[in-house]
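Structure first, commentary second.
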Amino acid sequence: MSDTTNQSSDTQAQKGPIIPKSPSEALRPERVPEPPKRSRNARSQIVLFLNFIMTMTVLVCVLAVIGFYYATSTYQSPGPLQTNTNFIVRNGAGLAEIASNLERNAIISDARIFRYLTATHLAAGESLKAGEYEIKARASMSDIMELLKSGKSILYSVSFPEGLTVRQMFDRMLQDPVLEGDLPAALPAEGSLRPDTYKFSRGTKRSEIVEQMAAAQQKLVNQIWDKRDASLPLRSKEEFVTLASIVEKETGIPDERAHVASVFLNRLGKGMRLQSDPTIIYGLFGGEGKPADRPIYQSDLKRDTPYNTYVIKGLPPTPIANPGKDALEAVANPWKTQDLYFVADGTGGHVFAATLEEHNANVKRWRKLEADKGSDPNIAVDGQPEEQPGDSGATVVPPKKKKIN
């Protein structure tokens, strides 16, 4: 007890005398002690740097999320284009160039967003394809990317009717304003290009169309030749195409082609001259073709050219045009007839005859129709003229002729 009392007294003595406080002093709050000072480690440059890095990382992440959301939203949103427009992607153009051109033409609002987000949609080795595209009004960047990736560009077409020569086909290609590049310096063989309509996109070379035409004709000729009538008096595909070109030029009526083919094949079988006026035209004017206002005169029937089947026997040395599918099939599988002659009937078609007497009657009927029209009597007959059998199956051409197509 005494020890405790002594210790308490000692404590009080150490603290000093007890000074009584007034009630107001007792209620006054005592001063709070100051917090301990930071340690030197807490104030080190490394800690400060790490705190800065952490803060910046968080800030960058927040900005990245906001930026990605903005870019994605812009990529999917309708674009600024007000009306449909055509846009050309040139061969070899990269994504940066395409994006820049799209923005320059006010098709998209931000080339960088298109460039970087489009890159994320392209697989390894995949790219936007060259061509001319129709961009719809208000198309989003995503829509444009899908269109350019698909390669579904605007298609143009160039048509070549049956019976054109290679030179005439080349002239059509030269006049086409969309096709590009030069044509082959050397003309392909006559009859080697398929008449048809060819579709192409902007940037296609003329030489590419020629290659397509040649491959298509070769394939077509091979297919039809393989299914030909075995009794045809034709020794090769070259002769086959040559006769088909003559049939093509003789008539534009589909139902007549196989009948006309039978006449020429029958004449070949008998050693008779073909007497086809289109061969005269090719011999006189070549691939350029006959001027529209130039008729075939009776004197032309005697002109000595390698193609004049009024002078030469058999087929001319090459085709005289590029025959189409119908003419090729007509020659490969002609009608079975005994007819050796045909002449215009005055309505665009022809009448056929197996004998010279029938034929001469048909020619006289045609001459009367032409005379009623006031035609020049010096113009040649449309079809075989009046004739008489000559030596070795040859035919003798009479002095008075009429017009041919």
Side-chain angles (χ1 to χ4, degrees), residues 229 231-234 242-281 295-298 300-302 308-316 320 323 326-327 329-373 375 377-405:
D229 186 333
S231 65
L232 291 180
L234 300 173
T242 297
L243 183 55
S245 72
I246 297 174
V247 172
E248 186 73 75
K249 297 297 290 184
E250 279 286 2
T251 180
I253 300 177
D255 293 343
E256 278 195 352
R257 290 192 177 103
H259 201 168
V260 170
S262 74
V263 170
F264 287 134
L265 289 166
N266 289 340
R267 291 175 77 90
L268 285 174
K270 293 181 175 295
M272 300 172 66
R273 293 186 174 90
L274 296 184
Q275 294 187 318
S276 169
D277 290 349
T279 64
I280 297 173
I281 294 171
I296 299 301
Y297 294 106
Q298 144 183 320
D300 293 330
L301 276 62
K302 300 178 182 179
N308 186 353
T309 53
Y310 280 85
V311 175
I312 67 169
K313 289 185 178 180
L315 294 166
I320 61 172
D326 290 346
E329 289 182 337
V331 173
N333 294 281
W335 284 9
K336 299 298 184 182
T337 74
Q338 300 299 316
D339 293 333
L340 295 171
Y341 310 93
F342 61 87
V343 69
D345 62 4
T347 65
H350 296 84
V351 288
F352 298 83
T355 67
L356 182 59
E357 290 73 20
E358 291 176 303
H359 176 61
N360 286 340
N362 292 333
V363 170
K364 289 177 181 178
R365 189 177 304 112
W366 185 85
R367 286 187 187 282
K368 184 177 185 305
L369 291 173
E370 289 299 297
D372 292 342
K373 297 177 185 178
S375 299
N378 292 316
I379 296 176
V381 163
D382 186 0
Q384 285 84 19
E386 297 168 292
E387 60 182 358
Q388 295 177 354
D391 296 337
S392 302
T395 55
V396 178
V397 180
K400 191 175 182 181
K401 308 296 174 197
K402 281 279 185 178
K403 185 179 181 180
I404 182 173
N405 291 339

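As the structure is a computational prediction, the values presented were derived from the model and not from experiment.
Closest approach of Phe342 and Val263 over heavy atoms only: CD2-CG1, 3.8 Å. Residues Asp255 and Trp335 approach most closely at O-CZ2, 3.8 Å, considering heavy atoms. When all heavy atoms of Pro334 and Leu232 are compared, the pair lying nearest together is CD-CD2, 3.9 Å. Between Val247 and Phe264, the shortest heavy-atom distance links the atoms CG2-CD1, 4.1 Å. For Glu248 against Ala327, the heavy-atom pair with the smallest separation is OE1-CB, 3.3 Å. Between Trp366 and Asp345, the shortest heavy-atom distance links the atoms CD1-N, 4.1 Å.
The shortest side-chain heavy-atom distance between Thr242 and Pro316 falls under the 4.5 Å cut-off. Under the 4.5 Å side-chain criterion, counting only non-hydrogen atoms from C-beta, Thr355 is not in contact with Tyr341. In this structure the side chain of Ile312 never reaches within 4.5 angstrom of the side chain of Thr279, judged on heavy atoms. Looking at Ile320 and Ile281, their side chains never come closer than 4.5 Å, going by heavy atoms from C-beta outward. Counting heavy atoms from C-beta outward, Thr309 and Arg273 have side chains that stay 4.5 Å or more apart. The closest side-chain heavy-atom distance from Leu265 to Leu243 is below 4.5 Å. Counting only heavy atoms from C-beta outward, the side chains of Arg267 and Gln275 approach each other to under 4.5 Å.
Just one residue in the list Glu358, Arg365, His359, Lys364 forms a side-chain hydrogen bond (donor to acceptor under 3.5 Å, both in side chains) with Asn362, and that residue is Arg365.
Salt bridge status for Glu250 with Arg257: absent, with no side-chain N to carboxylate O gap under 4.0 Å.
Put simply, CG on Asn308 and CD1 on Ile280 are 4.5 Å apart, with the number rounded to the nearest 0.5 Å. In this structure, the separation between CG on Leu274 and OH on Tyr310 is 10.5 Å, given to the nearest 0.5 Å. The OG1 atom of Thr251 sits 11.0 Å away from the CG atom of Asp326 when rounded to the nearest 0.5 Å. Taken to the nearest 0.5 Å, the CG atom of Asn266 stands 7.5 Å off from the CG atom of Asp339. A distance of 5.0 Å separates CG of Leu315 from CG of Leu268, quoted to the nearest 0.5 Å.
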